[in-house]
Amino acid sequence: MERYNFKTVEEKWQEKWQKSGVFRSKIDRTKEKFYCLEMFPYPSGKIHMGHVRNYTIGDVLSRYKSLQGFNVMHPMGWDAFGMPAENAARENSLDPKEWTNKNISTMKDQLKKLGLSIDWEREISTCSEEYYKHQQIFFLELYEKGLVYRKENYVNWDPVDQTVLANEQVIDGKGWRSGAVVERKKLNQWFFNISKFSQELLDGLDDLKKWPNKVKVMQKNWIGKSFGCEIAFKTEGDLPVKEIKCFTTRPDTLFGFSFLALSVDHEISKYFLNDKKFQEFKSECSKTGTTEEAIAIGEKIGFKTNLQAINPLNPSQKVPVFFANFVLMDYGFGAVFGCPAHDQRDFDFAKKYGLDIKTVVRPEEENENFEVKDEAYSGPGVLINSEFLNKLKVPEESVLKTIDILEEKKIGQKQINFRLKDWGVSRQRYWGCPIPMAYDEHGNVRTIPKENLPVKLPENVNLNSKGNPLDSKLDWKNIIIDGKKYIRETDTLDTFVCSSWYYLRFCSSDNSEYGFKQEEIDYWMPVDQYIGGVEHAILHLLYSRFFMKALGYKNENFKFNEPFEGLFTQGMVCHETYKDQNNNWLSPDEIELVGDQFFKKGDSKHLVKVGPSESMSKSKKNVIDPENIIKNYGADAVRLFILSDSPPEKDVQWSDQGMMASYKFLQKLWILHNKIKEKIENEFSESKESESLEKFTNQMINKITNNLEGFNYNVIIANIYETYNFINKIIEKKIDGRIIKNNYQKILILFSPAIPHFAAECLEDLKSKEEIKWPKANKNLIEDDKIDYVIQINGKKRAILNESRDIEQDSLMDKIKLNKLSNKYLKGKSIYKIIFVKNRLINLLINE
RNA sequence: GCCCUCGUGGUGAAAUUGGUAGACACAAAGGACUUAAAAUCCUUGCCAUUUAUGGAGUGCCAGUUCGAGUCUGGCCGAGGGCACCA
């Protein structure tokens, strides 16, 4: 017998699969379809362990579904636009396209070596013209439907690099590249009107039964629906302002009104343009706004105006109007009515500026004299000090009742507000999908005619120019449409747009007419199982859901409006972190174990500091390169390990020993395979072991099938080990060759989603003529005739009796009386109650 | 601050949903084979004088139950999400 040579076996099967085209997917209406999709990778250069885990999970599912007879589509593509390409190209004086395509081809080879059951004929790359052409068409369609518009918005502006920065590129208020202090700048940008679908996006979550609850909760909070009331406050003062509108969820606390606060960007601020003190205040506000933490603990500051607001329910009460740093312009009306007693933020503000704090809600258990002291009270209770509103229950009666009164008086109106803001899609960058728009000399917008699409990204641009390289590419920027001069839009689309519809493109990846073919998406969509990292819980998944709804908007051909029926979010791959004596990160390759301590290789003096296990990242150097691992141990061993140690939804620790163990296990399995083969060919005698093998196999079919359905992939690996242990124990005994062949073949099929090359090789080696399909358990063979009955006395386990299935209570009692162990406890005691659970246990209650 | 999730051996984790806690694996210790090492195989796993036997035991404290890792209430701890959303 030869050693198991994973290299030749894996290469052989990968080639076979490719040649025979088993993973090609075509519409077949006689079969039920299954669309399995993993989040496509960004082509950064090499695949990492996170990819290995993500795609292994998807592959196990795809292969299982195929074996079950589903018509599976399992495609792969590349999220190929984005900044890293532009940065890498700039650093190495390369073309982003070349850099990207080179990475794609490297990573594709790496993925192929994992033995994934991918239909590569459907491969797409978002940076190809064939892809982004359709995206531009969609953009124009959404524009026509009124779902795309232009508006001025603040951006992070790097004055040195003359470019817009994403939030994560702003570090301590400075540009990550230039180190210049980042400014807030208003730019005209394109927006998708996602907020129009707020309610629909919220309602849709209820239908997503196969999504993790966690993700749905996150999206729900992000959409942030709140029910309340818009109130128009009359004002008095030396400004030509008669009224200020506020949104509130607590109109019932109106009698506790003590100030009104405005955003510094509120339209009223126009009267303060020449007020130096106000301008100082405004710049003070923008300073505190950089980090999230600063906002959270940041002090509440205000700027008092001469305006006074009148309480609509109590016109004799007039309160001051402030500008305040905590009021956001893009929520509600950019104005807040302040009730310090029942809102902590208002409370803090009132304390600072010595404003009234009037209690108008008491908790149920307090009396009428209850007063808010050290902190605001925002819980339920009863209204007090509120004249005609007194005694209303908070919040169930009070809110609606107050709104009714306000509506009657025509001062207020029921309103629903969402936190979700429109999606700004403009990026001042080169390596993205061009926006198919143009401007005439007066700045008027027009669309690029559809017949002129795609608007191709120009080549040979100067990436080292200041700002967006497209801005200085004049021969591209200046165009003539219908004999008139125009300037192209030089912003490109956010790359999240590319990933918002790629799942549709896979259904019709070769269709040049349009982004997809109706009949093809009707067959394949929605994605039955989508698999990826939880870090995309909000943006990518919400944008994709929006995109579906936007494409289906005013289009009755659309039969579904949720792209992903099932979602699975897998955990990260973690590894310990290491630092040398100077606190520089060290990679696992740079250290060695001496005794039980780590040292830097070739340096036996300085101990290496071992840090906590964290998600693998280049910056911390705690990465393991999948390429080396696959080369040394083979794809099946890596797959086995990456699945084995933790449930797929949780983080997994990388462990060299664990990896080694998986590798060795396959070697042992190969030895066992050869023993089995010998039995199949040489032995034909009935035995007890044959029977128990049959039983075991049928039980295992049930276990593995259930564990696959429940995504308990770590348990499947344990099941594989269990199977090995079981067969390895009985293989030396007499077993009928025909029985073992029949069962072993089923077992190999059960193994094949996890270790496909190994299983395929062994199956072929059996030379069986039977069809390879997912086995079904024979119910008659699953149940053991004998069962371990637990004998409890007063609830404590005292003995285990192996007796026949379905034994009656009386017969079992007879056996118990014969048993030494249990008798020890029963001697001289009387049993006053017996709890008998069929085929499981018996609990005898005795007097002590 | 608000919301969500999770606490099981030295470690990663199982547990048919209320019925034998610790499957499977890693690590460790002891043993077998070997001149030796590696590899391989076997045993152990917390406490009590033992491969027998008993006890404690699933973050802590109560409760429901014949029976709780699983259900209920309270507390403690860890991780994640949101960030002044009116």
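Every chain is numbered from 1 and lettered A, B, ... according to where its sequence line falls, protein lines coming before strand lines. Both backbone and side-chain heavy atoms feed into the values below; hydrogens, waters and symmetry mates do not.
- Each of A:Lys668 and A:Lys650 was matched to the nucleotide of RNA chain B holding its nearest heavy atom; the match closer to the 5' end belongs to A:Lys650.
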Problem set entry | Nucleic acid footprint by protein, nucleotides 14-21 of chain B - heavy-atom cut-off 4.0 Å, B for base, S for sugar-phosphate alone | S-B--BBS
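- In this structure, A:Phe322 atom CZ and B:C84 atom C1' are separated by 17 Å, rounded to whole Å.
- Between B:G77 and B:C60, the distance separating the two P atoms is 15 Å to the nearest Å.
- Between the side chain of A:Lys300 and the base of B:C84, at least one donor-acceptor pair of N or O atoms lies under 3.5 Å.
- No hydrogens or angles were tested; on distance alone, nothing pairs the side chain of A:Arg250 with the base of B:A86 as donor and acceptor under 3.5 Å.
- Scored by the ring-ring contact (aromatic ring centres under 6.0 Å, His included) test, A:Phe696 finds A:Phe726 as partners (sequence neighbours excluded).
- Ion pairing between a basic and an acidic side chain is recognised when a charged N comes within 4.0 Å of a carboxylate O; A:Glu722 and A:Lys703 show such pairing.
- For A:Asn714, the side-chain contact (heavy atoms from CB on, under 4.5 Å) criterion is met by A:Pro647, A:Pro648, A:Asn712, not counting sequence neighbours.
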For nucleotides 1-4 of chain B, print each protein N/O atom paired with a nucleotide N/O atom at under 3.5 Å, atom names and distance only.
none

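- Syn is the classification of B:G9, since its glycosidic angle stays within 90° of 0.
- The gap from the P atom of B:G63 to that of B:G45 amounts to 33 Å, rounded to the nearest Å.
- In this structure A:Phe323 satisfies the ring-ring contact (aromatic ring centres under 6.0 Å, His included) test together with A:Phe272, A:Phe278, sequence neighbours excluded.
- Taking the charged nitrogens against the carboxylate oxygens, A:Lys196 and A:Asp422 have no contact shorter than 4.0 Å, which rules out a salt bridge.
- Taking the charged nitrogens against the carboxylate oxygens, A:Glu230 and A:Lys414 have no contact shorter than 4.0 Å, which rules out a salt bridge.
- Stacking of A:Arg419 on the aromatic ring of A:Trp222 is recorded, both the 6.0 Å distance cut-off and the 45° axial limit being met.
- Remark: A:Ala232 pairs with A:Glu243, A:Lys245 by the side-chain contact (heavy atoms from CB on, under 4.5 Å) rule, at least two apart or across chains.
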For this session: Applying ring-ring contact (aromatic ring centres under 6.0 Å, His included), run through A:Phe257 and A:Phe337 and close with a yes or a no.
Result: CA-CA 7 Å; A:Phe257 185 35; A:Phe337 114 81; 5.4 Å; yes
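- With both ends at atom C1', the span from B:A83 to B:G22 equals 42 Å, rounded to whole Å.
- Side-chain atoms of A:Lys833 lie closest to B:C66 of the nucleotides B:C66, B:C85, B:C84.
- Side chain of A:Leu845, nearest nucleotide from B:C85, B:C66, B:C24: B:C66.
- Contact annotation for A:Tyr721: backbone-only contact, meaning every heavy-atom pair under 4.0 Å involves sugar-phosphate atoms and none involves a base.
- If you take atom C1' in B:G80 and the same atom in B:G31, they sit 47 Å apart, rounded to whole Å.
- Remark: A:Asp645 engages A:Phe641, A:Val652 in a side-chain contact (heavy atoms from CB on, under 4.5 Å) (not counting sequence neighbours).
- Only A:Ala661, A:Lys664, listed by number, bring a heavy atom of residues 658-666 of chain A to less than 4.0 angstrom from any atom of RNA chain B.
- By the rule that a glycosidic angle within 90° of 0 means syn, B:U40 does not qualify and counts as anti.
- Nucleic acid contact class of A:Ser644 (heavy atoms, under 4.0 Å, all strands): none.
- Atom name C1', nucleotides B:C41 and B:C46: the rounded distance is 27 Å, in whole Å.
- Only one option out of A:Leu406, A:Leu400, A:Val399 pairs with A:Thr402 in a side chain to side chain contact (heavy atoms under 4.5 Å, CB included); it is A:Leu406.
- For RNA chain B, if you chain together Watson-Crick or G-U pairs that step i with j, i+1 with j-1 and so on, the runs of at least three with distances under 3.5 Å are B:1-7 with B:76-82, B:10-12 with B:24-26, B:28-32 with B:40-44, B:46-48 with B:53-55, B:59-63 with B:71-75.
- A:Arg798 has its CZ atom 7 Å from the P atom of B:G54, to the nearest Å.
- Among the nucleotides B:C26, B:C84, B:A83, the one closest to any side-chain atom of A:Gln657 is B:C26.
- Ranked by how close their nearest RNA chain B nucleotide is to the 5' end, A:Phe337 and A:Ile538 are led by A:Ile538.
- For A:Lys214, the side-chain contact (heavy atoms from CB on, under 4.5 Å) partners are A:Met218, A:Val534, not counting sequence neighbours.
- Taking the ring-ring contact (aromatic ring centres under 6.0 Å, His included) definition, one finds that A:Phe326 meets it with A:Phe349, sequence neighbours left out.
- Within 4.0 Å (heavy atoms only), A:Val534 reaches no atom of the nucleic acid at all.
- With sequence neighbours excluded, the residues that form a ring-ring contact (aromatic ring centres under 6.0 Å, His included) with A:Tyr713 are A:Phe711.
- A:Phe758 pairs in a ring-ring contact (aromatic ring centres under 6.0 Å, His included) with only one of the listed residues (A:Phe751, A:Phe6, A:Tyr4), which is A:Tyr4.
- A distance of about 13 Å separates the P atoms of B:U5 and B:G73, rounded to the whole Å.
- B:C61 and B:C66 are spaced 23 Å apart, taking the P atom of each and rounding to whole Å.
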